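A short worksheet on the structure shown next.
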Number of protein chains: 2
Amino acid sequence: MSTVRGARERARIEVTAAIKDEAKKQLMAEGAAKLSLRAVARELGMASSALYRYFPSRDELLTALIVDAYDSVGESAEAAHRTARAEAATHVARWIAVTRAVREWALAHPHEYALIYGSPVPGYTAPQATIGPASRVGLVLIAVVADAYRTDGLALPPLADDLRAEADRMVAEFAPGLPPQAATPLIAAWSQLFGLISFEVFGQFHRVVEDREAFFREAVTELARTVGLLGGGAARRPAGTAGP
Amino acid sequence: MSTVRGARERARIEVTAAIKDEAKKQLMAEGAAKLSLRAVARELGMASSALYRYFPSRDELLTALIVDAYDSVGESAEAAHRTARAEAATHVARWIAVTRAVREWALAHPHEYALIYGSPVPGYTAPQATIGPASRVGLVLIAVVADAYRTDGLALPPLADDLRAEADRMVAEFAPGLPPQAATPLIAAWSQLFGLISFEVFGQFHRVVEDREAFFREAVTELARTVGLLGGGAARRPAGTAGP
DNA sequence: CCAATAACAAGAGCACTGCTCTTGATTTTG
DNA sequence: CAAAATCAAGAGCAGTGCTCTTGTTATTGG
């Protein structure tokens, strides 16, 4: 189905791409709220009504941009993982490299980030087409931990009883081969990573965190510990700083 | 300045409250994107132009709702803290109670939550009026850890060198009396808490996490560990689950 | 007490928006 | 080559935020 049948079909995918490109430009410049179908059409020199032949509604256009954004950040994470693996970096270093790549993508594309990890703009339920691309970053994080498990094992606390079934299901579904203890810490770290990034991108760290690079590195290193990496490192908990 | 001068002033605060109430109703029902000044005016039986005597723009109305939302979730967190303290709960139990209260508020008010912890809707920078209410939840978390520090001390890893100055500034500014090692773990846990909640509220856990209560409890217990609570508990890191 | 002043409500109107329907031109297909 | 599908464009609808103008109240100073 990769052959283009005629001039019409060729023009169609070309115009579709042009619409998405212009929409991305407006998204980058002004954010999702200000994205206007009429403005896109105006910039492309066509009637606004003609645009509905390519995207049946504004929400459908936004969904296409959402998928592209998920793919973009997923690609960044995967690229960082590839290079870290090629450099034979430690598993913690790979974890940090991947999370750093996600953070840097978010800072470079704040509006796209807000589109996919901020408030869901169109309706409530994410369209089916987004769930695949949406999981790419999570899969990379799983891969890092799975690699570490295979070579060094993981340092993890025992599994809570009431999460046994949940954890078994999770590893069976998303991370075959990982021990069940790794499941909930991994999912938690995944969401917490985006908590760190969201607070930075959305300005919640304004006048709170200044050296954000160092702060982030420290936070994700701790996150690496909670998913079982860094188990054989230095003593985790030195004698507590005693109270008064 | 609490005395109401005349019928005019009394009517003014009454109408202002009515506008905010109706706006909150629409926000709750449809979300921030669908909130319409004209619809609010229509529902209140007044002309849309009359509304501009009370709020100079739609964004100003939204800002008022943002402040109220921050106050609402802050109040929930503070109430949970008060009752946990009154019951002489352990510090970890207090931590869990506060985080649970925030989560439950978020699940009960998803649109308000999205308004304050999702993508920033109006412009880019948060108005000055929001920074005070916005910090209330964070202050409660700090209070929990500060109490624990005073009575039991905290179990924290040593401070990284490149975060020394940052940590000193943080504790001086937001958490006087806390040791500098507590600063960055606390800020990180604060943002990560909202990562957990955002993923649940925004549907990212759909078909990933099923038993969300148990998962959340486990995740915030781990978060309690990273901020230094639970230091004297069971062994943190048992022998790793060895790899193949 | 009454006029000057300020605050108010309402209406009309502007420039937008998403979206639909109809009309006419173009391309693909039987 | 004719029939059918696809496309572009215009007009139009209902809705939005916001402004300006015109009256109408309530508060205030002389």
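Chain A is the first sequence line, chain B the second, and so forth, proteins listed ahead of strands; every chain is numbered from 1. The model shown is predicted, which means the values in this text are computed figures rather than measured ones.
- For residues 104-118 of chain B, the salt bridge (charged side-chain N to carboxylate O under 4.0 Å, His left out) pairs, not counting sequence neighbours, are B/R100-B/E104.
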Run the salt bridge (Lys or Arg N to Asp or Glu O under 4.0 Å) test on B/E75 and B/R82 for me, step by step, so that the C-alpha distance in whole Å, both residues' side-chain angles and the decisive distance to 0.1 Å come before the verdict. CA-CA 10 Å; B/E75 177 57 41; B/R82 271 195 303 273; 3.1 Å; yes
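- In this structure, B/R10 atom CZ and C/dC8 atom P are separated by 15 Å, rounded to whole Å.
- We find that CZ of A/R12 is positioned 16 Å from P of D/dA5, with the value rounded to whole Å.
- Projected onto DNA chain C by closest heavy-atom contact, B/A47 and B/R8 fall at different nucleotides, the more 5' of which corresponds to B/R8.
- Across the protein-nucleic acid pair, A/E9 atom CD and C/dT29 atom C1' stand 13 Å apart, rounded to whole Å.
- Residue A/R58 contributes atom CZ, which lies 15 Å from atom P of D/dT16 at whole-angstrom precision.
- Nearest nucleotide to the B/M46 side chain, out of C/dA10, D/dT16, C/dC16: C/dA10.
- For A/F55, the ring-ring contact (aromatic ring centres under 6.0 Å, His included) criterion is met by no residue, not counting sequence neighbours.
- Annotation: side chain to side chain donor-acceptor pair (under 3.5 Å) contacts of B/S49 (sequence neighbours excluded): none.
- If you take CD of B/Q26 and P of D/dG15, they are 14 Å apart, rounded to a whole angstrom.
- Rounded to whole Å, the distance from CD on B/E60 to C1' on D/dG17 is 14 Å.
- Under the salt bridge (Lys or Arg N to Asp or Glu O under 4.0 Å) criterion, A/E60 pairs with no residue at all, not counting sequence neighbours.
- Donor-acceptor pairing under 3.5 Å, judged by distance alone, is absent between the side chain of B/R38 and the base of D/dG15.
- Of the residues in residues 49-57 of chain A, those placing a heavy atom less than 4.0 Å from an atom of DNA chain D are A/S49, A/A50, A/R53, A/Y54, in numerical order.
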Evaluate the criterion salt bridge (Lys or Arg N to Asp or Glu O under 4.0 Å) for residue pair A/R207 and B/E173; output intermediate values, then yes/no. CA-CA 10 Å; A/R207 300 208 173 280; B/E173 207 159 341; over 6 Å; no
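- Per the geometry, CZ belonging to A/R42 stands 5 Å off P belonging to C/dT17, to the nearest Å.
- Atoms NZ (A/K34) and P (D/dG17) sit 12 Å apart, rounded to a whole Å.
- Of the side-chain N and O atoms in A/S36, one or more sit less than 4.0 angstrom from OP1 or OP2 of C/dG18.
- Under the side-chain contact (heavy atoms from CB on, under 4.5 Å) criterion, A/T99 pairs with A/W95, A/L141, A/L193, A/F216, A/V220, not counting sequence neighbours.
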